[in-house]
Amino acid sequence: MHDLRMVRDQIDALREGMRRRGALKKLGPLIDRAAELDRNRRLTIQAVEERKAERNAASQSVARLKRAGENADDVQKRSRELGEEISRLDSELAETEISLNGILLELPNINLDVVPEGGEENNAIVRTWGEPREARAVKPHWEIGEALGLIDFQRGAKISGSGFIVFRSEGARLVRALMSFMLDLHTRQHGYEEVWVPIAVNRASMTGTSQLPKFEDDMYRLAEEDMFLIPTAEVPVTNLYRDEILNASDLPKALTAYSPCFRREAGAAGKDTRGLLRVHQFDKVELVRYAIPETSNDELELLTGHAEKVLQLLELPYRVVRLAAGDTGFASAHTYDLEVFAPGVGAWLEVSSCSNFTDFQARRAGIKYRPVEGGKPRFVHTLNGSGLAFPRIIAAIFEHHQQPDGSVVIPAALRPYFGAERLG
RNA sequence: GGAGAGAUGGCCGAGAGGCUGAAGGCACCGGUUUGCUAAACCGGCAUACGUGGAAACGCGUAUCGAGGGUUCGAAUCCCUCUCUCUCCGCCA
């Protein structure tokens, strides 16, 4: 969410930000409407507060008069009239603020200057690591998974539905190995605190990290409780400090969490439906950092490096892509996607999206810090990225580390966790 | 699920319609004193919005779990909800 002052004092910058995302046509009128609502809001506030001040003074004189044993009927009458005006103006104000807030919640973050404007076609490859293996004679991961008895797609669909899968035997063990491997790496080598969090969260949390109000249809909702299954551990982990003020000495704060993630993928029907590329439930180890504004750019590089380290240790070739403005997520100011090459499907698969949200989520979620002892609190900057998402990593391992005989070599770094050198 | 108790500033805790943005204590910050440390003493110490100001800061409004109500006036009375604790039941 943007500071209301953006609408007031920097409306051109706001408009420019939307233009760079290619969203000005759609959001420009909303911005104008917000500016108008802001003017109304301030006029109404002035009117209502004037009357409240007068009423407060009147109540004081009632108290004085009564103590002196004098008649206060006139003052009480005036005060009652003021009260009626106040409740009228208050509800007018509430309406204005609801509309205004509704618009603010719909405006995406403004991208940093390094981010190319425009859509996906302007995404820029920043660097690549490793050699993509030739696709010839490499089976896609779903064939390997089924041939080796590691993934059971049919029964996943039977017990839940399409897009739900079952890992079994060494496949299930591989999931568990990845979990421990990634968490150990980030806690022991990269300095993250491990957290274990709820995977069903309330509306306020979903709003804090910007999944709501815009993306309600993409999530599984528990109707009775009005709760949501998380699409990423970003939600509970970032909301850990919602409505709190941190000390400067707490920053940067680095948290990592394993969690299952749930996505309805509404509107993605027919896209990447085979295998592990797009499933409704998957596992992920998430990295979240809270930083002071001055260092958040560096923090993004650091966090991206931590996610990259996982791919390097898994010996999987990947590239780092700086997303163009129109392709960055709603809340993000700057995003690097990590894409791993999967020769079986012949595609670069997004396995992590590392983003600097600047103060956008922090303002929504009310996460502040005190720069100096006794100083005024400021909003923190929040960052996160997957480190990493399991299914596509598994797909990449199956395909990239596949041997001519159809077996799969487990990367050395994972062997202590997996307990064997190969699958099949 | 049933019965009861509770929610006040960073923390503890008073307050029971007006004199309370909120006593007192702790913590924290600044100062005085002091071989050092500690102690003692003095002072400071919430957030948001609006408004004036270059700024320091001033003024106004709101905030005692959340929302509604009663009243000229609510931390205080009433209603609803949320959360915490205790006991009972059920249960991995």
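Here is the naming used below: chain letters follow the sequence lines, and residue numbers restart at 1 for every chain. Both backbone and side-chain heavy atoms feed into the values below; hydrogens, waters and symmetry mates do not.
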Geometric cation-pi criterion Arg289(A) and Tyr192(A), 6.0 Å radius, 45° cone: yes
Base-paired stems that RNA chain B participates in, counting runs of 3 or more Watson-Crick or G-U pairs under 3.5 Å: B:1-7 with B:82-88, B:10-12 with B:24-26, B:28-32 with B:40-44, B:46-52 with B:57-63, B:65-69 with B:77-81
From U47(B), C72(B), G50(B), nucleotide with atom closest to Arg41(A) side chain: G50(B)
Check: His381(A) ring centre within less than 6.0 Å of Tyr290(A) ring centre: no
Minimum heavy-atom distance between Ala177(A) and Leu414(A), given as atom pair plus value: O-CD1, 3.9 Å
Phosphate-side-chain proximity, Gln46(A) and G50(B), N/O vs OP1/OP2 below 4.0 Å: no
Candidates U51(B), C49(B), U47(B) - which lies nearest the side chain of Ile45(A): C49(B)
Glu315(A), CD atom: more than 12 neighbouring heavy atoms under 6.0 Å: yes
U76(B) to G17(B) separation - C1' atoms, rounded to the nearest Å: 6 Å
Short side-chain N/O contact to U47(B) OP1/OP2 from Arg370(A), under 4.0 Å: yes
Nucleic acid contacts of residues 85-105 of chain A, taken as heavy-atom distances under 4.0 Å to RNA chain B: none
Positive for side chain to side chain contact (heavy atoms under 4.5 Å, CB included) with Lys52(A), one of Ile86(A), Leu89(A), Leu82(A): Ile86(A)
Arg42(A) side-chain proximity, nearest of G60(B), U51(B), A48(B): U51(B)
Touch class at under 4.0 angstrom, heavy-atom based, for Asp73(A) against every strand present: nothing
Among A62(B), G73(B), A48(B), the nucleotide that comes nearest once only the side chain of Asn56(A) is considered: A62(B)
Among G60(B), U51(B), C72(B), the one nearest Val62(A) by side-chain distance: C72(B)
For atom CG of Leu65(A) and atom C1' of G73(B), their distance in whole Å: 13 Å
Distance, rounded to the nearest Å, where Ile245(A) contributes CD1 and C11(B) contributes C1': 15 Å
Interatomic distance, Arg64(A) CZ vs G17(B) C1' [rounded to whole Å]: 18 Å
Integer angstrom distance from the C1' of C64(B) to that of C59(B): 24 Å
Main-chain N/O of Leu105(A) paired to Arg364(A) side chain as donor or acceptor, under 3.5 Å: yes
Whole-angstrom distance between C41(B) and A46(B), as gauged at atom P: 23 Å
Toward the 5' end of RNA chain B, by each residue's nearest nucleotide, Glu49(A) or Ala63(A): Ala63(A)
Sugar-phosphate, base or nothing in reach of Arg55(A), heavy atoms under 4.0 Å: sugar-phosphate
Value in whole Å for how far the P atom of A74(B) lies from NZ of Lys52(A): 11 Å
P gap between U80(B) and G44(B), integer Å: 44 Å
Rounded distance in Å between the P positions of G50(B) and A7(B): 33 Å
Spacing of Arg78(A) atom CZ relative to U71(B) atom C1', expressed in whole Å: 18 Å
Whether Arg415(A) side chain and Ile410(A) backbone form a donor-acceptor pair below 3.5 Å: yes
Sugar-phosphate only, base, or nothing, as touched by Arg363(A) at under 4.0 Å among non-hydrogen atoms: nothing
Salt-bridge criterion met for Glu170(A) and Arg173(A) (N-O under 4.0 Å): yes
Pairwise P distance, A75(B) and A62(B) [rounded to whole Å]: 9 Å
Separation of U20(B) C1' from Gln60(A) CD (nearest whole Å): 11 Å
Nucleotide of G50(B), U61(B), C72(B) approaching Gln76(A) most closely (side-chain heavy atoms): C72(B)
Residue Arg5(A), side-chain atoms from C-beta onward, closest of A48(B), G18(B), C49(B): C49(B)
Length of the line joining Leu37(A):CG and G50(B):P, which is rounded to integer Å: 14 Å
Residue-phosphate contact under 4.0 Å: Arg67(A) side-chain N/O, G73(B) OP1/OP2: no
Backbone of Val115(A) reached by a side-chain donor or acceptor of Arg20(A) within 3.5 Å: yes
Pairwise P distance, U47(B) and G10(B) [rounded to whole Å]: 9 Å
Member of Ile245(A), Val380(A), Asp250(A), Asn247(A) meeting the side chain to side chain contact (heavy atoms under 4.5 Å, CB included) criterion with Tyr369(A): Val380(A)
Sugar-phosphate only, base, or nothing, as touched by Ala53(A) at under 4.0 Å among non-hydrogen atoms: sugar-phosphate
Distance between C1' atoms of C29(B) and A66(B) (Å, rounded): 33 Å
Interatomic distance, Arg51(A) CZ vs G60(B) P [rounded to whole Å]: 18 Å
Aromatic centroids of Phe418(A) and Phe181(A) separated by under 6.0 Å: no
Touch class at under 4.0 angstrom, heavy-atom based, for Lys66(A) against every strand present: base
Under 3.5 Å: donor-acceptor pair, side chain of Gln402(A), backbone of Lys139(A): yes
Under-4.0 Å side-chain N/O to phosphate OP1/OP2 contact, Lys368(A) with A46(B): no
